[in-house]
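For reference, the structure is listed below as structure tokens.
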Amino acid sequence: MIIVKLLSALVTSLIFYCSVSLFITQFYDEKRAMLLFKQRISKCSFENTITYAFISLSLGLVWFTNYLFLIPLIMAAFFKLIKDKRIKFHFTRRSVSLLTLGVITNIILCVFLSTHIYYILFLVMLLVPELLVVFFNYVLYPYESLIKEYYIKQAKEKIKHNKKLKIIAITGSFGKTSFKNYLYTLLSGQYTVIKTPGSVNTPMGICKFINDNLSDFDDYMILEVGVDAPSTMKKFFKIFTPDIGVITSIGEMHLATFKTLENIQKEKMELFANLKGEQLKVYNADCDLINVKKYDNCLEYSMNEIEILSSDINGTKFRYLNNSYNVSIIGKHQLLNLVGALKLSIRLGVRGELLKMRMGLIKTEKHRLSVEKYENTYLIDDAYNANLKGILEAIDVTMSFVGTKGIILNGIIEAGDKSYQINEEVAKALNGFDYIVLLDNAPKGLKETLKKEKLAFKSFLYYHDGLSFLLKKDLNYILLCSNAEKEYLK
């Protein structure tokens with residue numbers, strides 16, 4: 001029966017692999033991982049029901065058989081793996097170290113522990129694998145701290161060596177990535193500029209970027225700063241001190257970790273409090289929660305500063321300071337970010353004729369109201385948007401187009417105590433869609449409100465199944481508020 005025990009070690013190792021994969025998507029953050037675990041364990045799904053049924057059977061057999069009680073646990077693990085296998089594993093030094101330590105420890109315990117004691121470990125791995133991942137993460141903490149300090153010191157030396165470098169740090173509940181990329185496009189025609197790629201916005205992600213990319217010839221370095229919990233901002237200032245700070249927005253994001261909107265506001269405003277001296281502070285004047293009364297040298301931007309001349313699925317034409325611009329972006333939020341980047345570029349001395357030319361290079365970032373065409377259907381991809389204001393804006397933009405429409409979404413997951421209320425508001429905004437598709441992990445408030453409003457919807461476990469359903473309907477527009485990578489919260 002040693003085969004049964006070794007098979008148990010194999011499946012528990014696979015479960016640990018999936019749990020580490022999920023832990024990576026939460027930026028190796030213990031609190032975020034446990035919050036997501038609570039959300040997932042509370043879902044009533046086929047896999048969960050079968051898993052608990054086999055666990056109950058195993059508990060019934062444990063006192064009557066020698067090894068056979070492990071068989072139902074293996075079956076329970078199988079059904080758990082069916083759901084968890086789609087979480088992508090990112091091979092990094094840290095993730096591989098965590099996975100290796102966990103798997104080796106698991107195999108050693110399997111060999112040397114008695115069957116009944118290992119059974120308890122198997123149960124823990126099956127029911128609360130996140131706890132074991134967090135435990136091993138803490139075991140690695142001293143080693144990881146030494147590695148972090150080394151990379152931080154290296155990054156600080158590179159910054160210190162470039163005497164002319166100006167650092168622009170951008171934070172906000174939403175709009176960070178778009179503002180960053182627009183600003184990079186506009187500044188690059190006149191200056192040597194580098195920016196963090198994609199949505200890289202964590203302290204160690206930025207640290208690695210600096211070490212790999214910063215040279216002595218760069219004029220500006222644009223960094224996206226992401227904060228998802230109190231006291232996160234100070235981690236960035238251990239690496240760099242910004243010359244220019246940008247706050248794009250303050251809203252109800254990450255309420256599960258921040259708890260209150262006031263905590264979010266306080267954390268975001270820390271950026272302005274930690275600039276070098278009285279350096280430039282750029283902010284969205286349309287956001288009432290950005291309070292700059294005690295600060296000098298501020299540059300505000302607003303949608304009131306531009307005039308929209310025309311807008312359709314292919315882009316927008318607008319006027320700013322007596323100049324007309326055509327850009328291939330849609331939505332007021334994206335235009336607002338562009339106005340901010342444009343205004344800051346002018347402040348930093350970019351020439352007018354060059355700005356006009358660079359505006360033609362502006363493109364919508366993928367998953368941020370980007371548009372693609374599939375046969376006769378326009379796919380409006382807003383999958384990276386996870387806040388109420390942004391989703392309502394995407395819905396409003398889609399509703400402005402004439403034709404049949406569908407939407408696929410999983411609502412706003414990380415909304416804390418306001419989850420029901422926020423998702424209720426999202427549901428009420430879906431009245432104009434011909435077809436509504438939800439993912440199975442959609443919040444209770446979204447599903448229940450759709451039923452109350454008598455809005456028909458279809459639910460799918462996997463994103464690609466839901467999207468396939470919509471594509472078969474030959475719609476004119478499909479709004480994507482979720483994608484395969486976002487089935488598990490980021």
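Because the structure is a prediction, the values reported are computed rather than measured.
Between the side chain of Thr449 and the main chain of Leu446, no donor-acceptor pair closer than 3.5 Å is present. Judged purely by atom type and a 3.5 angstrom limit, Asn211 has no side-chain atom pairing as donor or acceptor with the backbone of Asn213. In this structure a side-chain-to-backbone donor-acceptor pair under 3.5 Å is missing from Lys472 to Leu467. Between the Asp382 side chain and the Leu369 main chain, a donor and an acceptor come within less than 3.5 Å of each other. Without hydrogens or angle criteria, Asn323 side chain to Arg319 main chain gives no donor-acceptor distance under 3.5 Å. Not one N or O on the side chain of Asp434 forms a donor-acceptor pair closer than 3.5 Å with the backbone of Leu475. Not a single donor-acceptor pair under 3.5 Å links the side chain of Ser302 to the backbone N or O of Asp286. Lys281 contributes a side-chain N or O that, together with a main-chain N or O of Gln279, makes up a donor-acceptor pair within less than 3.5 Å. Checked by atom type and distance alone, the side chain of Glu267 pairs as donor or acceptor with a backbone atom of Ser231 at under 3.5 Å. Listed for the Thr171 side chain is a donor-acceptor partner under 3.5 Å among the backbone atoms of Val225.
Taken to the nearest 0.5 Å, the CD atom of Glu130 stands 13.0 Å off from the CG atom of Asn137. Note: Asp312 CG to Ile330 CD1 = 9.0 Å, rounded to the nearest 0.5 Å. Rounding to the nearest 0.5 angstrom, the gap separating the NZ atom in Lys268 from the OG1 atom in Thr232 is 9.0 Å. Here Ile346 contributes atom CD1 and Leu342 contributes atom CG; the two are 4.5 Å apart, rounded to the nearest 0.5 Å. Atom CG of Asn181 is separated from atom NZ of Lys176 by 12.5 Å, given to the nearest 0.5 angstrom. One distance of note links CE of Met269 with CG of Asn274; it measures 11.5 Å at 0.5 Å rounding.
Within 6.0 Å of NZ on Lys447 lie more than 12 heavy atoms contributed by other residues, nucleotides or ligands. More than 12 heavy-atom neighbours from other residues, nucleotides or ligands sit within 6.0 angstrom of CG on Asn314. For Lys317, the NZ atom is loosely surrounded, since the number of other residues' heavy atoms within 6.0 Å does not exceed 12. With a 6.0 Å radius and a threshold of 12 heavy atoms from other residues, nucleotides or ligands, Asn431 has its CG atom at or below the threshold. For Glu453, the CD atom sits in a packed shell: over 12 heavy atoms of surrounding residues, nucleotides or ligands are nearer than 6.0 Å.
Results of the side chain to side chain donor-acceptor pair (under 3.5 Å) test with Glu224 over Thr177, Thr202, Thr196 single out Thr177 as the only residue that passes. Considering Ile167, Leu183, Leu348 as possible partners of Ile244, the one that fulfils the side chain to side chain contact (heavy atoms under 4.5 Å, CB included) test is Leu348. In summary, of the residues considered (Thr404, Asn376, Thr377), a side chain to side chain donor-acceptor pair (under 3.5 Å) with Asn476 occurs for Thr404 alone.
Residues Asp218 and Thr192 have side chains that never bring a donor and an acceptor to within less than 3.5 angstrom of each other. Side-chain contact, Glu448 with Tyr420: a donor N or O sits under 3.5 Å from an acceptor N or O. Checking Asp465 against Ser468 by side-chain atom types alone, no donor-acceptor pair falls below 3.5 Å.
When side chains are defined from C-beta on, Leu280 counts as touching Leu344, because their heavy atoms get closer than 4.5 Å. Within the 4.5 Å cutoff, the side chain of Leu479 has heavy atoms near those of the Ile395 side chain. Here the side chains of Ile407 and Cys481 are in contact, with some heavy-atom distance below 4.5 Å. Counting heavy atoms from C-beta on, the side chains of Leu131 and Val133 never come closer than 4.5 Å. Side-chain atoms of Pro242 and Phe237, non-hydrogen and from C-beta on, do get closer than 4.5 Å to each other. Residues Phe433 and Leu455 are not in side-chain contact: their nearest non-hydrogen atoms beyond the backbone lie 4.5 Å or more apart. Under the 4.5 Å side-chain criterion, counting only non-hydrogen atoms from C-beta, Met303 is in contact with Ile308. Between Phe318 and Val327, the closest side-chain pair of non-hydrogen atoms falls below 4.5 Å.
Judged by the 6.0 Å and 45° rule, Lys195 forms a cation-pi pair with Tyr184. Taking the centre and axis of the six-membered ring of Tyr435, the NZ or CZ atom of Lys405 falls outside the cone set by 45° and 6.0 Å.
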As a quick check of understanding, evaluate ring pair (Phe, Tyr, Trp, His ring centres under 6.0 Å) for Phe179 and Tyr301, giving each step before the final call. CA-CA 12 Å; Phe179 193 111; Tyr301 62 94; 5.7 Å; yes

Determine whether Asn284 and Asn337 satisfy the following criterion, side-chain contact (heavy atoms from CB on, under 4.5 Å), listing intermediate values before the conclusion. CA-CA 9 Å; Asn284 169 14; Asn337 294 325; over 6 Å; no

Evaluation steps, salt bridge (Lys or Arg N to Asp or Glu O under 4.0 Å), between Lys343 and Glu305: CA-CA 10 Å; Lys343 199 166 183 179; Glu305 299 178 69; 2.6 Å; yes

Just do the side-chain contact (heavy atoms from CB on, under 4.5 Å) check on Lys208 and Val200 with the steps written out, would you? CA-CA 10 Å; Lys208 184 178 186 303; Val200 172; over 6 Å; no

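Taking all atoms of both residues into account, the shortest heavy-atom contact from Val437 to Gly466 is CG1-CA, 3.8 Å. Closest non-hydrogen pair, Ser95 versus Ile24, comes out as CB-CD1, 3.3 Å. The two atoms that bring Ser173 and Ile264 nearest to each other are OG-CG2, 4.0 Å, heavy atoms only. The shortest heavy-atom contact between Thr364 and Tyr182 is CA-OH, 4.3 Å. Looking at every heavy atom in both residues, Ile239 comes nearest to Ala155 through CG2-CB, 4.1 Å. Contact detail for Asn201 and Phe236: the closest heavy-atom pair is O-CZ, 3.2 Å.
Using cut-offs of 30° and 60° for the angle between ring planes, the Tyr191 and Tyr220 rings count as perpendicular. Aromatic ring pairs are classed by plane angle as parallel below 30°, tilted from 30° to 60° and perpendicular above 60°; the pair Phe469 and Phe460 is tilted.
In this structure, Phe23 has its ring center at least 6.0 angstrom away from the ring center of Phe16.
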